[in-house]
Amino acid sequence: MSADRRTLAPFGRRRVPIVDRCEYGSYVVLRCLDEAGPAPRPGQFYMLAAAEAWGGGEGERPFLPRAFSVLRATPESELHFLLEAVGPGTKRLGALAEGEELWLAGPFGVGFAPPAEQRRPLLVGGGVGIAPLAIWQDELGLDATVLLGFRDAAHAEGAAVLAEARLATDDGSVGHRGLVTDLLIQELDHTDDARAAVYACGPPPMLEAVRALCAERGVPAQLALESGMACGYGACFGCVVPTRAGYVRLCLEGPVLDAELLETALIPGTGHG
Amino acid sequence: MSADRRTLAPFGRRRVPIVDRCEYGSYVVLRCLDEAGPAPRPGQFYMLAAAEAWGGGEGERPFLPRAFSVLRATPESELHFLLEAVGPGTKRLGALAEGEELWLAGPFGVGFAPPAEQRRPLLVGGGVGIAPLAIWQDELGLDATVLLGFRDAAHAEGAAVLAEARLATDDGSVGHRGLVTDLLIQELDHTDDARAAVYACGPPPMLEAVRALCAERGVPAQLALESGMACGYGACFGCVVPTRAGYVRLCLEGPVLDAELLETALIPGTGHG
Amino acid sequence: MSVRFCGIELAHPIINGSGTFDAIAARRAFGDTLLDEFPFAAFVSKTVTVEPRQGNPPPRLWEVAGGLINSIGLPNKGLDGYLAQDLPELARLPVPLIVNVMGFTREEVARLVAAFAEREEVAALELNVSCPNVETGLIMGADPRETAALVTRVRPLTTKPIVVKLTPNATDPAAVAAAAEASGADAVSLINTLRGMALHPRTREPWLGGRTGGVSGAAVRSIALAQVSAVANRVAIPVVGMGGVQSGGDAADVLDAGATLVAVGTESFRDPAAACRISRELESLDRGQARPPDETPKQ
Amino acid sequence: MSVRFCGIELAHPIINGSGTFDAIAARRAFGDTLLDEFPFAAFVSKTVTVEPRQGNPPPRLWEVAGGLINSIGLPNKGLDGYLAQDLPELARLPVPLIVNVMGFTREEVARLVAAFAEREEVAALELNVSCPNVETGLIMGADPRETAALVTRVRPLTTKPIVVKLTPNATDPAAVAAAAEASGADAVSLINTLRGMALHPRTREPWLGGRTGGVSGAAVRSIALAQVSAVANRVAIPVVGMGGVQSGGDAADVLDAGATLVAVGTESFRDPAAACRISRELESLDRGQARPPDETPKQ
Ligand SMILES: Cc1cc2nc3c(=O)[nH]c(=O)nc-3n(C[C@H](O)[C@H](O)[C@H](O)COP(=O)(O)OP(=O)(O)OC[C@H]3O[C@@H](n4cnc5c(N)ncnc54)[C@H](O)[C@@H]3O)c2cc1C
Ligand SMILES: Cc1cc2nc3c(=O)[nH]c(=O)nc-3n(C[C@H](O)[C@H](O)[C@H](O)COP(=O)(O)OP(=O)(O)OC[C@H]3O[C@@H](n4cnc5c(N)ncnc54)[C@H](O)[C@@H]3O)c2cc1C
Ligand SMILES: Cc1cc2nc3c(=O)[nH]c(=O)nc-3n(C[C@H](O)[C@H](O)[C@H](O)COP(=O)(O)O)c2cc1C
Ligand SMILES: Cc1cc2nc3c(=O)[nH]c(=O)nc-3n(C[C@H](O)[C@H](O)[C@H](O)COP(=O)(O)O)c2cc1C
Ligand code: FES
Ligand code: FES
């Protein structure tokens, strides 16, 4: 397992074909062929835009590319992304068909750090935030426990992109009725805190609950955060999140941050729309 | 034959489906179903925009709808349009597939006036300007002589939308090698000028040649002009063309104008791109 | 959704931007159904000047990202032509009429205001102050003192509401608005178009017959919102906000930024009945409820 | 395509807009290939202030039609931090370095200019004058007298070229440019961002942590071109034009409007190597030939 958390990106963006598109309930998985790009590290992300007709949607947007965690990277240079249509950018990307093309730049940011020896990885995901956990599970293997939370059954279909996950849904339609953090508490209650390492990605309130929980128990946690991004490579200073060390550019120092660095995972301007 | 040159448009724009798309050489014919709209008069036009992804093209355009002469209207409420991709708007419209939708407003403007009795209609078209002549031929019937000019063979395929046309091409690949005005001179030479009525649509230099020719011979001519339009219904004052009576809004007083009204058919900002 | 603006009762808060809808022409294109479904709660007519103007030579339009540049050049029949031909027709519209006027000197503006001062067909006057005062060389609406002098000059001439239409091409539109208010204006409207330019793709000379023009549409929306907000925070008189409004959500933004009315301009080019849609969408937003319960409504 | 700008030889006319490309960060993301394919003919660094600044609270970005609003708030390490940490790294770039500075008083600007006056790593200085002078309350770059006083104050401090970066939020940017020229500026650059605003979709409060922000990108392109043209027609010193440039054609427009250099900002966010593409496209336009033979080239 490589300990390096950042794969450098080729300079510029590249035009890549969509080789497959499929739906998992409320989500779309796009697969594209990135032959000119390197293998990303789990937790890294790419900036994506449709090569044609990017714009002219709701309010004449999108204009900027959109950030997406890599869901999975194959040895055949395929990159997979998991999308949920929440606005003009994700709507356009989700409508792309096989054979259409993407502008893609990346991989950007730093990914997950491997757990310290003796620590068992617990992967906690919510909603579309499960994406980076899939590639991380690919690397960690099946020792990693996976806990996923979704709004309802249509969203819970997304769980199919990971293996052997325990599920929670808000409406109880699949798995545990309640929050994925309920499952995390159960897991932690059955594990020696000194032997756990948490990796989480999901909506800000979930991440904040995970952060608080792990802080209380002294369990190390890494959180893959989101924030509004214009560039993805440190150019715009737009994606800062407040940390104990001041504002940091999430695209450069994250998107995976040690939970300890944060006073809160509730980042202004994200997930509150 | 109705002598009325203007059919009123329903107020607002309407969303209509494309029911067929086909190519004629360099041109695309889009057929859409306009069940809520009235039958247009030959020479009238519509403002069209793709219902989805209108924008985000070259230079983040198109933004405004685009003007198109109606090519043909069927009793089943189909409207046909002939397009040539010359910029972001025509490119996007020409890429629409059956089942996709248009925003459509119209019919707008005034169409052709029927020829005075005893006058034989001569329809003269150049390039994509053949469009309004098709619906006019549908109404006039086969007494009307049709003369069409094109750049080359790929464009000359567009002639298939009219019946029994004599052709000229710049490169001589189809029909007469030279200008369509050569054919017009031949026709006029074989006709008593007092018995001819010319209807022309095409690029500004062609229209100007037709205008000058007809003025010289005292043959009445109606010219379907173009100018940059934002609205199509008189709201923006953007589409004015200079006439002997001052500037007139082409969308309101045209697009068909009596040639006599013009000192020149070379309208600034059109066809010179 | 009815709203009171300078004492005028309006059915809803959506009106048109001057020069972006010609009700007389639209009736020729759409017939009388236009009157049944009239999209605006008040109608603002295109700028009237003392003398007739043919406007700028074509081309007058250039499309830009999310908008357009126009150099129309204020074509109009002049005061006499407007009074004789347009006013009687516009008086028949089913909504109050606001007449927009512009002069190249204070006296010209005074003459225009005086001409409409007593006309009962006219509900209010809007002063387009985006042009230079030929006497001082200053853009009337870019300089607070110019604006104050102008409003002071014309205020006594009429008891009708006077709306000052501000130019966005100014360092501090809020200061101009405050000067207009202090001099007796009843309302301000903004934004007019932003100065813009395009080159002919081939000749490399300015494309527009007027060389430069004014930018409008979605592209200016957030610039307009900033100016509307700055102005509304500075003055107590009502504000008519406009610039790139395309949806009920955009209109709600303008109202929440402090405007009393919202004007729709360029979007009517894309959709002749845009204003009907926008007021419908605005109504369905149920804006009171959209606020989170823990938040006190903004005034 | 090589070009001389204030005595500096540049390989082509495309540079970056201050604050839109962080060469140090980009090297972390892209590695050293960035240096091999460095996209800009000169590098303009992000605005440096005397004191360190953390910048505005997030959110700092809002996407608009054809552009974005930013309220970054000029985060930087301050003069000492810049000198110690950034300058040595930026000095290693394969192109000349232009340092952009901003002060809240004339004396602050003077201190910044003096600090770089003799640094051989620095090819030129750019003064960001888009902020208010806290002593006079006037936006330094919106008022010709303020700008003149500032340039007069700092001109004697260095022999390096001084570029004044104008704000577009001004009634008459050309008058400001003329004042800068008369006071000894070697060049002007424009446009900086246009003031804009957006409301939070739910709370209806300003979305941006800084409440308002600056609009950039395609949406401002034609506004920028009008200002570049007006300024270039007014001054004899070279002009750096920017605002919404996305293609070689856009860059050609800016040059034909009278600029000597073109800066690329927001487009680098959409395409990190946009400037490489733009200078390639510009070169392939073969602009001399594009002119019709019967036309004398514009000066
Ligand atoms: C590192 C990283 C990784 C990510 N990974 C994934 C992933 O794997 N899968 C996935 O689906 N998503 C992912 N996201 C989120 C994704 O980038 C966003 O959902 C996407 O940018 C939304 O774009 P949109 O145009 O669809 O929606 P937008 O309209 O841009 O809306 C997104 C949110 O922005 C706000 N907003 C509304 N209007 C505007 C406006 N005009 N300008 C700016 N903001 C506005 C609202 O709060 C809204 O909820 C990731 C984000 C980051 C930063
Ligand atoms: C009454 C009428 C009827 C018409 N009928 C037909 C028809 O039947 N079939 C058909 O194919 N066409 C027809 N046209 C022409 C059609 O409307 C135009 O070709 C179309 O608007 C071009 O749009 P575009 O986006 O593809 O090209 P644009 O990019 O808009 O280019 C069109 C021309 O505009 C200029 N231009 C370049 N850039 C810009 C810019 N940024 N803003 C504005 N102008 C620019 C150039 O000179 C260019 O050649 C008609 C026009 C009118 C007025
Ligand atoms: C084609 C056109 C013509 C205009 N004519 C006038 C006018 O005559 N008088 C005036 O005060 N404003 C005029 N305006 C400005 C508009 O009223 C409005 O202030 C501006 O377009 C911004 O709104 P919008 O973005 O919704 O179009 C005109 C705008 C356009 C686009
Ligand atoms: C995110 C962002 C940050 C910027 N920061 C600065 C800055 O620090 N100093 C400055 O002078 N201009 C700054 N600018 C302005 C740009 O340099 C440029 O003037 C403007 O963005 C217009 O060009 P564009 O449309 O190509 O982006 C910034 C612009 C953006 C978008
Ligand atoms: S997204 Fe631009 S700096 Fe992070
Ligand atoms: S296109 Fe708007 S007036 Fe003719």
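By convention in this document, chain letters (A, B, ...) are assigned in the order of the sequence lines, proteins followed by strands, and residues within each chain are numbered from 1.
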Query raised in the report: Are the aromatic rings of A/Phe81 and A/Tyr27 close, with centres under 6.0 Å apart?
Result: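 That pair fails the under 6.0 Å test.
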
Which portion of [X] sits near chain A, non-hydrogen atoms under 4.5 angstrom:
| X | answer |
| --- | --- |
| D/Ser268 | both |
| D/Ala219 | neither |
| D/Ser71 | neither |
| D/Asn70 | neither |
| D/Asn56 | backbone |

Max heavy-atom pair count under 4.5 Å with chain A, selected residue of [options]:
| options | answer |
| --- | --- |
| D/Ala273, D/Pro39, D/Gly55, D/Gly217 | D/Ala273 |
| D/Arg60, D/Gln54, D/Glu63, D/Lys46 | D/Glu63 |
| D/Asp271, D/Val64, D/Ile24, D/Ile72 | D/Asp271 |
| D/Pro75, D/Gly265, D/Gly19, D/Pro57 | D/Pro57 |

Contact class of [X] relative to chain D, heavy atoms under 4.5 angstrom:
| X | answer |
| --- | --- |
| A/Ala230 | both |
| A/Arg66 | side chain |
| A/Pro10 | backbone |
| A/Pro62 | both |

Requested in this report: Verify, without hydrogens or angle tests, whether A/Arg92 (side chain) and A/Ala53 (backbone) share a donor-acceptor contact under 3.5 angstrom.
Outcome: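 Yes: the side chain of A/Arg92 pairs with the backbone of A/Ala53.
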
Quick check for you: among [options], which has the greatest number of heavy-atom pairs under 4.5 Å with chain D?
| options | result |
| --- | --- |
| A/Met47, A/Arg61, A/Met229, A/Glu60 | A/Arg61 |
| A/Gly234, A/Pro242, A/Cys236, A/Gly228 | A/Cys236 |
| A/Phe63, A/Tyr247, A/Phe108 | A/Phe63 |

**Report entry** Salt-bridge present (D/Arg27, D/Asp32; N to O < 4.0 Å)
**Finding:**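 Salt bridge between D/Arg27 and D/Asp32, a charged N being under 4.0 Å from a carboxylate O: yes.
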
Query - Ion pair check, A/Asp4 and A/Arg41, cut-off under 4.0 Å - result: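 Not counted as a salt bridge, because no side-chain N and carboxylate O are separated by less than 4.0 Å.
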
Query raised in the report: Should we count NZ of A/Lys91 as having more than 12 external heavy atoms under 6.0 Å?
Result: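 Not buried by this count: 12 neighbours or fewer within 6.0 Å.
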
**Report entry** Test side-chain contact (heavy atoms from CB on, under 4.5 Å) applied to D/Lys165 and D/Met102, step by step
**Finding:** CA-CA 10 Å; D/Lys165 180 153 181 190; D/Met102 189 179 93; over 6 Å; no

Query - Pair A/Leu225-A/Leu262, side-chain contact (heavy atoms from CB on, under 4.5 Å): steps then yes or no - result: CA-CA 11 Å; A/Leu225 302 184; A/Leu262 298 170; 3.9 Å; yes

Report task. Find out whether the Lys NZ or Arg CZ of A/Arg249 is both under 6.0 angstrom from the six-membered ring centre of A/Phe237 and within 45° of the ring's axis. Result ->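 Yes, A/Arg249 sits over the ring of A/Phe237.
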
Report task. Report the relative orientation of the aromatic rings in D/Phe43 and D/Phe40; use parallel for angles under 30°, tilted for 30 to 60°, perpendicular for over 60°. Result ->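 Taking D/Phe40 first and then D/Phe43, their aromatic rings sit tilted (interplane angle of 30° to 60°).
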
Query raised in the report: Rounded to the nearest 0.5 Å, what separation is found between the OG1 atom of D/Thr47 and the CG atom of D/Leu74?
Result: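 Here the rounded value is 5.0 Å.
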
